[in-house]
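Please find one structure pasted underneath; my questions will follow.
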Amino acid sequence: MTVRFTKMHGAGNDFVLIDDRAQTLPTDRAFLAALGARRTGIGCEGIILVQPSRTADFRMRFFNPDGGEAELCGNGARCVAAFARAIGAVTAPTMRFETQAGDVTAEIVDDETVKIGMPAPKDLRDDFVNSGVPHRIVPVADLAAADVAGEGRRIRFSDAFAPTGTNVDFVAYAPPHNAAVRTYERGVEAETGACGTGAVAVAVVGVAQHALAFPVRVATAEGYALVVDGVRTADGGFAGLTLTGPVKTVFEGEIDISTEEVRT
């Protein structure tokens with residue numbers, strides 16, 4: 001069986017997107033890991049399926065390149081909004097779609113910019129927050145010198161975050177409205193080009209603990225900017241969080257899933 005796919009990136013975070021409204025694509029871990037492999041598959045930091053939903057415009061399923069399913073990916077959610085409109089799953093520039101972290105709203109701002117509404121953060125404590133998925137924030141003075149691979153992996157697999165682990169964001173804060181980040185991503189098990197939930201985590205922790213104020217401009221490792229906006233509530237929580245940034249289609253292709261032969 002031949003399956004068409006679209007390769008996209010959101011602020012340097014790259015994904016394989018597939019129209020699976022017929023729900024015929026295998027979702028076993030080994031198969032998805034083979035698709036995501038850099039050298040022998042399509043290569044990506046996440047595989048995203050558009051499937052039917054009974055409660056929203058569509059359902060987004062997100063898989064890390066190791067084949068494991070995750071609750072949410074911020075940049076992936078921005079890409080899937082543009083993709084869903086391109087394949088006709090939605091026709092309006094605004095939409096609502098289902099994820100494992102709850103429903104997400106999205107707005108196609110223009111051909112290369114998408115804004116999404118993010119779920120309220122949970123478990124905010126000392127330099128940690130769950131912004132859809134867990135993130136440990138590590139403030140640093142010299143971002144270029146940060147040991148993202150080594151220290152990031154140590155924290156990701158540490159007992160403090162067992163058994164599921166955490167993403168790890170190394171952050172240089174520049175109050176009142178700026179931050180730069182490099183992220184070790186759980187499931188990718190390496191530094192990622194950008195991380196949308198990470199940008200939200202950086203902003204939330206920054207506003208709560210590091211003298212930032214909304215809107216927060218977060219510079220990614222690939223040199224793009226993600227803007228996080230929202231409101232700090234009277235009880236110290238957060239509401240109305242949004243994530244805005246660039247999306248781009250890189251190429252389209254097809255893969256014979258019986259042989260995993262990719263054609264572009």
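In this text, all values refer to a predicted model and were calculated from it rather than measured experimentally.
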Any chance you could lay out the salt bridge (Lys or Arg N to Asp or Glu O under 4.0 Å) test for Arg38 and Asp14, step after step, and finish with the verdict? CA-CA 11 Å; Arg38 289 281 181 199; Asp14 68 322; 2.8 Å; yes

Derivation and outcome, side-chain contact (heavy atoms from CB on, under 4.5 Å), residues Thr244 and Thr113: CA-CA 7 Å; Thr244 305; Thr113 309; 3.7 Å; yes

Let's go through Leu212 and Tyr173 carefully: what are the C-alpha distance in whole Å and the side-chain angles of both, what is the deciding distance for side-chain contact (heavy atoms from CB on, under 4.5 Å) to 0.1 Å, and is it a yes or a no? CA-CA 8 Å; Leu212 287 191; Tyr173 284 110; 3.6 Å; yes

Roughly how far, to the nearest 0.5 Å, is CZ of Arg186 from CZ of Arg136?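 Here the interatomic distance stands at 15.5 Å.
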
For the residue pair Asp169 and Thr183, confirm or rule out a side-chain donor-acceptor distance under 3.5 Å.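 Note: Asp169 and Thr183 side chains meet the donor-acceptor criterion.
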
Is the closest side-chain heavy-atom distance between Glu69 and Asn64 below 4.5 Å?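 Answer no - side chains too far apart.
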
Under 4.0 Å between a side-chain nitrogen and a carboxylate oxygen: does that hold for Arg153 and Glu185?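 No.
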
Under 4.5 Å between side-chain heavy atoms, hopping through other hydrophobics if needed: is there a path connecting Phe97 to Leu243? yes

Can Ile87 be reached from Val114 by stepping across I, L, V, M, F, W or Y side chains whose heavy atoms are under 4.5 Å apart? yes

For the atom pair CG (Asn167) and CZ (Phe128), what is the distance rounded to the nearest 0.5 Å?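 The CZ atom of Phe128 is 9.0 Å from CG of Asn167, to the nearest 0.5 Å.
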
Side chain Asp256, main chain Thr2, donor-acceptor under 3.5 Å: no

If you count every heavy atom of other residues, nucleotides or ligands that lies below 6.0 Å from Asp159 atom CG, does the total exceed 12?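 No, because the 6.0 Å sphere around CG of Asp159 holds 12 heavy atoms or fewer from other groups.
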
For the residue pair Thr40 and Ala37, what are the closest heavy atoms and their distance? OG1-CB, 3.5 Å

Cluster question for you: counting only ILVMFWY and a side-chain heavy-atom cut-off of under 4.5 Å, with indirect links fine, are Val188 and Leu35 together? no

Do you know the tightest heavy-atom contact between Leu124 and Phe238? CD2-CE1, 3.8 Å

Do Glu45 and Thr192 have a side chain donor and acceptor closer than 3.5 Å? yes

Which atom of Ala239 lies closest to which atom of Thr233, heavy atoms considered: CB-CG2, 3.9 Å

Distance, nearest 0.5 Å, that separates CG of Asn13 from OG1 of Thr220: 8.5 Å

Are Glu151 and Tyr184 close enough that a side-chain donor and a side-chain acceptor fall under 3.5 Å? no

Just so I know, are the side chains of Pro119 and Leu72 near enough to count as touching, which here means a heavy-atom distance under 4.5 Å?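 They are in side-chain contact.
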
Check whether any side-chain heavy atom of Leu241 lies under 4.5 Å from a side-chain heavy atom of Val200, and answer yes or no.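 Yes; the side chains approach each other to less than 4.5 Å.
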
From Asp110 atom CG to Lys115 atom NZ, the distance as rounded to the nearest 0.5 Å: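 Answer for the CG-NZ pair, Asp110 versus Lys115, is 11.5 Å.
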
If two hydrophobic side chains count as joined below 4.5 Å and joins carry through other members, does Phe214 share a cluster with Ile137? yes

Carefully, step by step, assess Phe83 and Met8 under the rule side-chain contact (heavy atoms from CB on, under 4.5 Å). CA-CA 9 Å; Phe83 177 72; Met8 298 184 71; 4.0 Å; yes

Could you check whether any side-chain N or O of Gln209 sits under 3.5 Å from a backbone N or O of Asp127, counting only pairs where one atom can act as donor and the other as acceptor? yes

Asp28, CG atom: more than 12 neighbouring heavy atoms under 6.0 Å: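 Buried by this count: over 12 neighbours within 6.0 Å.
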
Taking Arg78 for its side chain and Pro246 for its backbone only, find out whether a donor-acceptor pair lies under 3.5 Å. yes

Check each of Thr55, Asp57, Asp103 against Arg96 using the side-chain hydrogen bond (donor to acceptor under 3.5 Å, both in side chains) test, and report the only one that passes.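 Between Arg96 and the candidates, side-chain hydrogen bond (donor to acceptor under 3.5 Å, both in side chains) is satisfied uniquely by Asp103.
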
OG/Ser53 to CZ/Arg59 distance, rounded to the nearest 0.5 angstrom?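 Rounded to the nearest 0.5 Å, the OG-CZ separation comes to 8.0 Å.
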
Evaluate the side-chain contact (heavy atoms from CB on, under 4.5 Å) criterion for residues Glu71 and Thr99: first the C-alpha distance (whole Å), next the side-chain angles of each, then the deciding distance (0.1 Å), finally the verdict. CA-CA 7 Å; Glu71 300 90 335; Thr99 78; over 6 Å; no

Any heavy-atom pair between the side chains of Arg182 and Val148 that's under 4.5 Å? yes

Derivation and outcome, salt bridge (Lys or Arg N to Asp or Glu O under 4.0 Å), residues Glu254 and Lys7: CA-CA 11 Å; Glu254 59 184 30; Lys7 184 74 177 288; over 6 Å; no

Cluster check Val104, Ile47: I/L/V/M/F/W/Y, side chain < 4.5 angstrom: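 Unlinked, Val104 and Ile47 end up in two clusters.
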
Has Asp123 got more than 12 heavy atoms of other residues, nucleotides or ligands less than 6.0 Å from its CG? yes

Heavy-atom closest pair, residues Phe62 and Ile48: CD1-CG1, 3.6 Å

Within-4.5 Å side-chain heavy-atom neighbours: Phe58 and Val90: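 They are in side-chain contact.
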
Indicate whether any N or O donor in one side chain lies under 3.5 Å from an N or O acceptor in the other, for Thr197 and His135. yes

Smallest separation among heavy atoms of Leu226 and Cys195, with atom names: CD1-O, 4.2 Å

Go through the side-chain N and O atoms of Asp20 and Gln51 and say whether any donor and acceptor fall under 3.5 Å apart.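 A pair is found: one side chain offers a donor N or O, the other an acceptor, under 3.5 Å apart.
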
Taking side chain as C-beta onward, heavy atoms only, is Thr27 less than 4.5 Å from Arg61? yes

Could you walk me through whether Asp229 and Thr242 satisfy the side-chain hydrogen bond (donor to acceptor under 3.5 Å, both in side chains) test, starting with their C-alpha distance in whole Å, then the side-chain angles of each, then the deciding distance to 0.1 Å, before giving a yes or no? CA-CA 5 Å; Asp229 207 353; Thr242 61; 5.2 Å; no

Got Pro175 and His210 here, is their nearest side-chain heavy-atom distance under 4.5 Å? no

Does any non-hydrogen side-chain atom of Ile18 lie less than 4.5 Å from one of Val50? no

Can you tell whether the side chains of Asp66 and Arg29 come within less than 4.0 Å, N to carboxylate O?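 Answer for the salt bridge query: yes.
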
Donor-acceptor contact present, side-chain Arg85 to main-chain Thr91, <3.5 Å: yes

Glu189/Arg156 ion pair, N-O < 4.0 Å: yes

Please determine which of Tyr224, Phe251, Phe15 meets the ring-ring contact (aromatic ring centres under 6.0 Å, His included) test together with His9.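 With His9 as partner, Tyr224, Phe251, Phe15 yield a single ring-ring contact (aromatic ring centres under 6.0 Å, His included), made by Tyr224.
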
Minimum-distance pair of heavy atoms, taken over all atoms of Gly74 and Ile116: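 Answer, listing the atom of Gly74 first, then Ile116: O-CD1, 3.4 Å.
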
